[in-house]
There are 2 protein chains.
Amino acid sequence: MATMADVARLAGVSVSTVSYALSGTRPISLSTRERIEQAMLDLGYTPNAFARGLKSKRSRIIALLLPAQTASPRLSALEYILGASDHAQERGYHLMLWTAGVEAADDLAQFAGQGLVDGVLVLDVRPDDPRIQVLARAEVPFAMIGHNAEPDGLDYIATDFAHSARLAVEHLSELGHRKLGFVDAMSEVEGGDGARLGKELEEAAGRVGATMIPVAAEESVEGGRTAFAALAGADPQVSAIVVFSEHVVPGLMRAAAENGRRIPEDLSVICIDMAPHVAELTTPPMSTVGPSAVQIGQAAVDLLLRRLDGDAAPARQLLFQGELNLRGSCGPNPTTDHHPGSSTSQQRRYLQ
Amino acid sequence: MATMADVARLAGVSVSTVSYALSGTRPISLSTRERIEQAMLDLGYTPNAFARGLKSKRSRIIALLLPAQTASPRLSALEYILGASDHAQERGYHLMLWTAGVEAADDLAQFAGQGLVDGVLVLDVRPDDPRIQVLARAEVPFAMIGHNAEPDGLDYIATDFAHSARLAVEHLSELGHRKLGFVDAMSEVEGGDGARLGKELEEAAGRVGATMIPVAAEESVEGGRTAFAALAGADPQVSAIVVFSEHVVPGLMRAAAENGRRIPEDLSVICIDMAPHVAELTTPPMSTVGPSAVQIGQAAVDLLLRRLDGDAAPARQLLFQGELNLRGSCGPNPTTDHHPGSSTSQQRRYLQ
DNA sequence: CGGACCTGTCGATTCGTTTCGACTATTTCA
DNA sequence: TGAAATAGTCGAAACGAATCGACAGGTCCG
């Protein structure tokens with residue numbers, strides 16, 4: 001590998017001149033700059049990332065912190081990852097993946113302390129997430145996708161669950177549904193995204209005079225089956241289900257079919273924050289509510305880079321509002337007379 | 001951030017002693033080592049990654065090169081990524097994501113020349129992939145997932161398509177299917193994975209006395225519809241379809257339903273290399289053939305690290321054999337009398 | 001009992017950049 | 001017309017860790 005010294009020798013200048021020509025920090029005459037550029041081309045010179053990072057304390061690398069669970073990744077995680085990666089690259093940064101369980105706080109401290117990354121993006125933040133403290137203590141700039149219980153003064157970007165809940169419930173209400181189910185992933189932690197969404201759904205249901213029955217399900221095919229059984233057992237009148245866990249969908253749909261309930265004729269199902277590609281795979285294709293994960297990933301990168309550039313900027317907290325994407329899993333409540341009337345929903349969007 | 005000098009001062013030794021204590025390169029007395037370790041703990045010392053990389057020329061970072069296409073990622077790409085990332089981390093390496101189109105060869109050369117990464121994993125390699133040349137010229141160790149047209153002397157790991165083809169075709173043949181369709185993603189390049197798989201399917205079909213009609217489809221819902229129409233038009237007798245593109249599945253299944261062909265009663269469908277989570281989402285759940293993407297990701301990491309450690313090792317080329325995962329999208333050919341007989345297939349596995 | 005050989009430690013140098021201070025030639029303007 | 005500013009360049013000193021040579025003291029063996 002060619003070094004700056006090689007370039008300098010070939011161009012007949014000093015090393016510092018090469019450096020200034022490269023960075024533009026000080027004026028360099030046109031003729032000298034051209035000689036240097038030619039020399040760099042001839043030698044195939046590329047600045048060494050380590051020497052640069054060592055001196056300048058900036059690596060132009062950011063890390064994406066994923067919860068470690070190869071076992072059952074949400075497929076929409078891919079959209080966050082790709083969205084963030086592409087966008088970071090466009091902004092001149094590299095994206096490093098760091099898979100670490102919530103328990104591996106020590107490892108994370110080590111990682112953060114190495115100075116390898118300029119900043120960190122934290123995915124799937126839990127209310128009591130210990131990673132946040134570790135990062136704060138290590139004084140590494142970071143931004144969250146989702147947020148913990150005490151997000152004051154921290155940068156984050158999250159889904160506006162109140163908005164999603166309103167869109168979902170109003171849509172179902174317009175279709176005549178009065179008894180709704182809500183299937184959430186079982187979680188050992190209190191107050192996470194599922195709980196927040198549940199609360200908002202409950203309120204939205206109250207506003208339109210509907211009731212909502214929440215069910216916590218294991219994240220598996222079997223869990224979906226169990227959830228369906230639980231809902232049917234709790235109230236056979238439940239005619240629409242809001243789902244917040246990708247993994248329960250297959251079991252839920254199969255259990256419905258096995259119990260003679262067709263979707264959407266006899267039962268409506270709508271998913272929160274499910275990736276479009278995933279939603280297309282079910283039969284019928286799944287109606288969803290939620291913002292684009294790709295966009296959230298991009299916005300998270302922007303948020304983090306803003307902090308890296310202007311250090312003193314006040315923390316910013318962004319809520320992304322989702323859209324209603326109607327595909328085919330929701331229909332009118334068969335047990336009610338349904339008067340469509342004029343729709344009041346504005347963000348609705350019909351897909352092919 | 002504390003440096004080695006800080007640790008040395010606190011422990012009352014020289015910097016080099018601290019370094020030797022850390023690396024174990026030279027013997028250090030127990031008492032000194034303990035003093036040093038205590039000092040490191042007190043100061044929360046973590047070695048600086050840049051200084052270390054600059055001196056030692058090793059970063060313990062590997063890159064995963066993805067084709068840039070946020071637009072339509074294969075969901076199983078997530079499994080490669082997570083498999084590789086987890087495994088790299090267990091082996092003490094970091095995983096960096098590099099999203100770059102096949103066209104961005106210059107950027108790639110820059111990236112490789114920085115010395116930032118010790119090695120590179122290349123995903124979705126195409127027959128004429130220019131990235132391979134760039135990496136070879138930059139003398140960066142790399143391993144491929146899939147392979148190009150001239151893989152001699154290069155490390156790679158790939159799906160054994162001959163094996164997958166045999167499993168799929170034999171299974172369909174046992175169910176009495178004689179006319180098979182093969183839906184492949186449309187591609188501007190010749191001789192890629194799809195073409196290889198197609199050839200193997202054709203041969204396997206020949207061996208069991210079946211015929212195979214190949215169709216190239218655009219990777220979209222609409223493409224799937226078109227593919228179904230093309231197959232039905234080419235030969236209405238086609239009773240089973242092998243699919244090699246995740247994105248055409250929804251369109252294909254919907255078109256089948258619209259034409260009154262139920263799966264699996266009237267039409268069998270089987271997918272090659274589709275992730276389990278994805279396969280569970282369809283109705284009926286999709287039968288698949290293929291190795292685990294997670295395992296391939298892990299194996300690719302191992303392959304690359306082997307090259308990083310023992311530089312002189314001869315190139316190794318691994319083919320992963322897939323399994324037949326029967327879920328529910330294949331059934332007996334309704335137009336033939338079907339005599340199940342004793343199965344000869346060995347790798348078959350029935351899932352719940 | 002004196003070289004050969006360990007054990008344990010230190011100082012100095014090196015990796016490839018960035019950046020500061022210094023210096024020469026020019027230019028600018030009061 | 002001379003002081004001040006500016007353009008253009010250089011040398012040297014960091015940045016933080018790895019590593020080589022040196023060396024003091026101790027152990028071993030013939």
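Proteins get letters first, then strands, A, B, ... in listed order; numbering begins at 1 in each.
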Checklist entry - Donor-acceptor pair under 3.5 Å: do we get one between B:Arg26's side chain and the base of D:dT19? => result no

Next on the checklist: Strictly below 4.0 Å: does B:Ser29 bring a side-chain N or O up to OP1 or OP2 of C:dT9?
Outcome noted: yes

Item to check | Stepwise side-chain contact (heavy atoms from CB on, under 4.5 Å) check, A:Gln114 with B:His94 | outcome: CA-CA 12 Å; A:Gln114 287 183 109; B:His94 295 306; 3.6 Å; yes

Next on the checklist: Students often get this wrong, so: under 4.0 angstrom with heavy atoms, is A:Ser19 touching a base, only sugar-phosphate, or nothing?
Outcome noted: base

Checklist entry - In whole Å, what is the span from the CE atom of B:Met4 to the P atom of C:dG11? => result 15 Å

Next on the checklist: Side-chain N or O of B:Ser14 versus OP1/OP2 of C:dC10: is the shortest distance under 4.0 Å?
Outcome noted: yes

Checklist entry - Got a second to check how far B:Asp302's CG is from B:Asp155's CG, nearest 0.5 Å? => result 12.0 Å

Next on the checklist: Considering every strand and a 4.0 Å limit on heavy-atom distances, what is the contact class for A:Pro27: base, sugar-phosphate, or nothing?
Outcome noted: base

Checklist entry - Salt bridge or not for A:Asp124 and A:Arg74, using N-O below 4.0 Å? => result yes

Checklist entry - To the nearest angstrom, how far is B:Leu22 atom CG from C:dT9 atom P? => result 15 Å

Next on the checklist: Base, sugar-phosphate or nothing for A:Ser16? Non-hydrogen atoms, less than 4.0 Å.
Outcome noted: base

Next on the checklist: Please confirm whether the shortest side-chain N or O distance from B:Lys57 to OP1 or OP2 of D:dA18 is below 4.0 Å.
Outcome noted: no

Item to check | Sugar-phosphate, base or nothing in reach of A:Thr32, heavy atoms under 4.0 Å | outcome: sugar-phosphate

Item to check | Separation of atom CG in B:Leu116 from atom C1' in C:dT17, rounded to whole Å | outcome: 14 Å

Checklist entry - Please give, in whole Å, the distance from C:dT19 P to A:Arg52 CZ? => result 10 Å

Checklist entry - Of B:Val13 and A:Tyr20, whose closest DNA chain C nucleotide lies nearer the 5' terminus? => result B:Val13

Checklist entry - So does A:Lys55 reach the base of C:dT17 with its side chain, donor to acceptor, closer than 3.5 Å? => result no

Checklist entry - Taking atom C1' of D:dA18 as reference, at what distance in whole Å does atom CZ of B:Phe50 sit? => result 17 Å

Item to check | Gap between atoms CG and P, on A:Leu54 and C:dG16 respectively (whole Å) | outcome: 12 Å

Checklist entry - Within this structure, what is the CZ-to-C1' distance between A:Arg9 and C:dG16, rounded to whole angstrom? => result 13 Å

Checklist entry - So, B:Gln38 and B:Asp42: side-chain donor and acceptor under 3.5 Å apart, yes or no? => result yes

Checklist entry - Would you call the rings of B:Trp98 and B:Phe111 parallel, tilted or perpendicular, where under 30° means parallel and over 60° means perpendicular? => result parallel

Next on the checklist: Output the rounded distance in Å from CG (B:Asp6) to P (D:dC15).
Outcome noted: 11 Å

